Structures are given as structure tokens and as C-alpha cells.
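Below you'll find the structure, written out as C-alpha cells, and then a few comments.
This is a predicted model, so every value here is computed, not measured. Just so you know, these numbers use all the heavy atoms, side chains as well, and skip hydrogens, waters and symmetry mates.
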Amino acid sequence: MWANCKKAGAPLRVLNHLQSCCVHTVRRKGAEGGQRRLCRRMSSSGPPWRLLFFGSDQFALESLKLLSSSRSCGDGIVESLEVVTLSSDVPVKKFAQENHLPVHPWPPDNVDGQFDVGVVVSFGCLLHERLINKFPYGILNVHPSLLPRWRGPAPIFHTIMNGDTVTGVTIMQIRPHRFDVGPILNQELHHVPEKCTADELGTALATKGAHLLIDTLMTLTERLAHKKEQSQTDATFAPKISKSMSWIVWEDQTCDHIDRLNRAIGSRMPLRTIWMDKTIKLLDFVGRCNISLSDHRKKPVPGSVSYQKHSSTLAVCCKDGWVGFKTVLLKKRLTAADFYNGYLHQTADGRFLSRKRGSEEHKTRENLVL
């Protein structure tokens with residue numbers, strides 16, 4: 001049992017606790033209905049906890065997996081585990097069904113007296129006060145930032161877009177009416193690797209958050225007694241990512257800005273610009289380019305496009321240099337060479353335009369799409 005938790009990658013402090021609990025459980029196996037029920041009778045102010053988990057996506061799944069492993073180990077932290085989720089095709093619901101965890105629809109009914117603690121991870125719905133009050137020890141939230149930095153639904157994306165070098169995970173207690181404003185119970189720093197993408201950072205923080213959640217549940221009553229209110233003056237906000245963020249403004253954005261934007265949202269939505277009054281999607285970003293132009297008499301303006309034959313790259317001029325793309329999507333997916341041969345070399349003024357400089361007709365058409 002302890003080996004299963006060790007395989008899940010729990011930190012040393014947690015593993016030591018799990019090992020001692022598992023050994024004790026084996027010794028008392030069969031006595032008074034099992035170790036978990038015995039612990040429940042001995043202490044009503046600590047673990048093992050009866051948990052109701054609220055989650056949906058892959059980030060939430062990491063916490064659910066570790067909670068499920070803890071329950072299976074009989075380690076004295078999780079007595080029971082049930083799940084609330086939003087739809088039938090999200091990772092959390094699939095895992096719950098595969099592992100025979102009871103699943104409740106949203107909003108859950110009839111939870112009075114059945115659970116000690118709620119856990120919310122990447123759920124996306126505001127919990128009402130009457131639901132929160134049904135949990136004697138409140139509802140915890142695993143949030144992928146160092147609150148009050150980056151409150152809101154998209155902290156990981158904004159961490160990358162802003163160029164933060166340090167982030168982390170926070171375990172906070174849910175409060176009604178507003179997201180991410182509750183008191184902090186636990187936090188852990190995480191250094192953002194250079195050139196890290198939002199997907200890579202999300203994976204790392206999901207694992208770290210899951211372990212920090214277990215650590216918090218181990219000493220929950222103590223942490224609740226010493227919880228820390230968030231500073232309201234230091235709060236920053238991380239609104240939901242939208243398609244409007246994918247438009248490049250060549251006149252205003254630097255090479256570094258475009259690089260961070262691509263690492264933040266590129267896996268979910270391609271960066272976009274305007275070519276001949278049409279939307280063009282820019283794919284396979286290669287970063288800053290060193291350009292050797294054949295015609296040095298003209299100073300390039302932002303949005304100017306140059307095909308670099310030696311590297312098969314489309315280089316585009318931005319505020320402080322050039323950035324490159326290997327592929328574009330116009331009517332169909334085109335390599336840089338295909339785009340040059342089919343479109344660019346036939347045009348006297350080969351430029352990508354920022355959306356703000358596009359025609360009003362084009363703006364109206366795009367707004368209808370969005």
C-alpha cells in the first residue's frame with residue numbers, strides 16, 4: 001500500500017507518514033471495522049477525512065489521483081472520496097468512473113452531514129455560501145499561483161505572458177461570492193524554467209499542487225488555526241484567455257513579447273495577423289531571427305515579411321527585430337516556401353497588418369466570429 005503512494009511521487013514527509021499509517025493499519029486489520037473507522041471514532045477534529053472533490057480538467061485530475069491513492073493506501077488521511085464534475089467527457093469524471101468513485105452532478109444534492117472537507121481544483125463554478133457551510137472544515141482550493149498574485153481562471157497563462165520567473169501553488173479556503181479571495185493555508189514556490197510553455201508549467205504545478213494538498217490535509221486543523229488573509233493591495237488578475245489575445249500587433253510587440261504570447265497560448269490557439277484583408281494563422285514559431293535583406297535601401301516597417309530561403313522561414317518585422325514562423329494557415333496549411341511561392345513573391349508590398357490597422361469591414365466580420 002505504501003509502495004503505491006511512493007510510486008505516485010509523494011514527498012518524503014508524506015511518505016514517512018503513509019508508511020507508519022500503513023504498518024499500523026496492517027497490525028490492526030479487521031479490528032473494529034478497520035483502521036479508518038477506528039481513527040474516526042478516536043478523533044473528530046482531524047483525519048481521516050470524508051472528502052467531496054470538485055474538478056474537471058487534467059490539472060484537477062492530478063490532485064484527484066493522489067487523493068484516490070491515499071484512500072486506497074488506508075494511510076489515515078482520506079476515509080472516503082466522492083466527486084462532483086460538470087460534464088460526461090472531462091478527465092475527472094472518466095477517472096472517477098474507472099476507479100468506482102461516486103459521482104455527483106452539479107450542483108450536488110443531499111450532502112448534509114456526509115463530508116468533512118470539500119476540495120476544489122480547476123472547477124470553474126462559484127460555490128454558494130449555503131453549500132460551503134455544509135462542510136465542517138470548509139472547502140479547500142488548489143490554485144496554481146502565489147496568491148494574491150494572479151487571481152482568476154487563467155493564472156498559468158498570465159504567468160507565462162507576463163514573463164514571471166517565480167510562481168507556485170496555493171492551498172486556500174474557499175469563501176462565497178468571489179473567486180480566489182479566501183485565506184491562505186499553505187503555499188510552495190516554483191521557479192519557472194526559461195522558455196517554459198503554459199502546458200509544461202501546468203503539468204509541473206498540477207503535481208506540486210496535489211502533493212501540497214495532501215500535506216495540508218495531514219495538518220488541516222493546525223493550518224486552519226493559523227490561516228493568513230490575503231493582501232488586497234497586492235492582488236493581480238488573470239482573466240480567461242480569449243481569441244482576441246492571439247492577434248499580434250507588430251508595431252507594439254517586441255520579439256520577447258511575441259515569444260511569451262506563443263508559449264502561453266500557442267498550443268490552444270495560433271497567433272494571428274491580417275494578410276490582404278484575410279486572417280492568417282501563424283504556426284511553428286521559431287523565435288527571433290537574424291535577417292540579411294537583399295535590399296538595404298528601404299527601412300523595414302513592422303509587419304514586413306521576408307522569406308529566408310536558407311532556413312525555410314517567414315521572418316516578420318516587429319517592434320524591436322524579427323520573429324520567424326515555419327508554417328502558416330490561410331485557406332490551407334502552407335509551408336513558408338509554399339506561402340512565398342504562391343503569395344508573397346507576387347505582391348509588391350508584402351506585409352502582415354495588425355488587426356487594429358485592418359479594415360472596419362474585416363473587424364466586423366471577425367467580431368461576429370468571436
Side-chain angles (χ1 to χ4, degrees), residues 8-9 53-66 85-87 89-95 120-124 141-147 149-171 179-180 187-213 236-248 253-273 281-288 323-329 333:
F53 183 89
F54 300 75
S56 57
D57 62 13
Q58 195 67 36
F59 183 90
L61 182 58
E62 291 305 307
S63 288
L64 181 59
K65 283 181 177 179
L66 203 55
T85 192
L86 297 175
S87 67
D89 57 353
V90 294
V92 161
K93 185 165 188 179
K94 182 178 179 182
F95 177 87
V120 173
V121 189
S122 192
F123 188 57
N141 174 230
V142 181
H143 186 82
S145 80
L146 294 176
L147 290 172
R149 179 73 167 168
W150 299 132
R151 292 176 177 174
I156 295 172
F157 299 104
H158 287 275
T159 295
I160 298 295
M161 284 196 290
N162 191 72
D164 291 2
T165 58
V166 176
T167 185
V169 286
T170 300
I171 308 297
F179 285 109
D180 306 331
Q187 279 187 324
E188 187 172 344
L189 292 172
H190 181 82
H191 292 279
V192 182
E194 188 176 355
K195 299 300 181 183
C196 180
T197 67
D199 289 342
E200 293 165 344
L201 181 59
T203 298
L205 293 182
T207 301
K208 183 162 287 190
H211 292 155
L212 194 66
L213 174 62
T236 57
F237 298 92
K240 186 177 179 181
I241 297 299
S242 66
K243 285 185 177 180
S244 63
M245 294 179 179
S246 67
W247 288 99
I248 297 178
Q253 294 174 323
T254 65
C255 295
D256 183 57
H257 189 155
I258 295 170
D259 174 68
R260 286 187 274 115
L261 183 63
N262 180 71
R263 287 188 286 112
I265 69 173
S267 66
R268 284 169 169 74
M269 60 185 78
L271 303 186
R272 298 189 295 170
T273 189
K281 298 177 180 179
L282 305 170
L283 311 173
D284 300 325
F285 179 74
V286 297
R288 184 184 289 268
V323 291
F325 301 87
K326 293 284 189 181
T327 313
V328 301
L329 186 63
R333 193 180 183 98

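You'll find the side chain of S63 stays beyond 4.5 Å of the side chain of L61, heavy atoms only. Side-chain contact check for R268 versus F157: some heavy-atom pair is nearer than 4.5 Å. Counting heavy atoms from C-beta on, the side chains of L213 and L66 never come closer than 4.5 Å. Taking the side chain as every heavy atom from C-beta outward, L271 and W247 never approach each other to under 4.5 Å. A heavy-atom distance below 4.5 Å is not found between the side chains of V92 and F54. The shortest side-chain heavy-atom distance between T273 and L282 falls under the 4.5 Å cut-off. Between L329 and P270, the closest side-chain pair of non-hydrogen atoms is not below 4.5 Å. Put simply, the side chain of V323 does not reach to within 4.5 Å of the side chain of D259, judged on heavy atoms.
Between R263 and D199, no side-chain nitrogen of the basic residue sits less than 4.0 Å from a carboxylate oxygen of the acidic one, so the salt-bridge criterion is not met.
Put simply, OG1 on T236 and CZ on R151 are 8.5 Å apart, with the number rounded to the nearest 0.5 Å. One finds the OG atom of S122 at 8.0 Å from the CD1 atom of I156 (value rounded to the nearest 0.5 Å). The structure places CG of L205 at 7.5 Å from OG1 of T159, a figure rounded to the nearest 0.5 Å. Annotation: the span from I248 atom CD1 to L261 atom CG amounts to 6.5 Å, rounded to 0.5 Å. Atom CZ of F53 sits about 9.5 Å away from atom CZ of F95, to the nearest 0.5 Å. Atom CE in M269 sits 6.5 Å away from atom CD1 in I241 (nearest 0.5 Å).
Minimum interatomic distance between P153 and P239 (heavy atoms only, all atoms of both residues): CG-C, 4.0 Å. Between V120 and F123, the closest heavy-atom pair is CG1-CB, 3.7 Å. The nearest pair of heavy atoms linking I160 to V192 is CD1-CG1, 4.2 Å. Smallest separation of non-hydrogen atoms from A60 and G55: CB-CA, 4.0 Å.
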Decide yes or no on side-chain contact (heavy atoms from CB on, under 4.5 Å) for T167 and L201, but give the supporting numbers first. CA-CA 10 Å; T167 185; L201 181 59; 4.1 Å; yes

The test is side-chain contact (heavy atoms from CB on, under 4.5 Å); show your working for F325 and L283 and say whether it passes. CA-CA 6 Å; F325 301 87; L283 311 173; over 6 Å; no

Would you check, one step at a time, whether the test side-chain contact (heavy atoms from CB on, under 4.5 Å) holds for V142 with I171? CA-CA 5 Å; V142 181; I171 308 297; 3.7 Å; yes

Walk me through whether D89 and S87 qualify under side-chain hydrogen bond (donor to acceptor under 3.5 Å, both in side chains). CA-CA 6 Å; D89 57 353; S87 67; 2.8 Å; yes

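Counting heavy-atom neighbours within 6.0 Å of K281 NZ, excluding the residue itself, gives a total of 12 or less.
The backbone N or O of K243 lies less than 3.5 Å from a partner atom in the side chain of R272, making a donor-acceptor pair. Formation of a donor-acceptor pair under 3.5 Å by the D180 side chain with backbone atoms of G152 is found in this model. The backbone N or O of T197 lies less than 3.5 Å from a partner atom in the side chain of E200, making a donor-acceptor pair.
Inspection of the W150 and D164 side chains reveals an N or O donor paired with an N or O acceptor under 3.5 Å.
Residue T170 is tested with Q187, R149, H143 for a side-chain hydrogen bond (donor to acceptor under 3.5 Å, both in side chains); the sole match is Q187.
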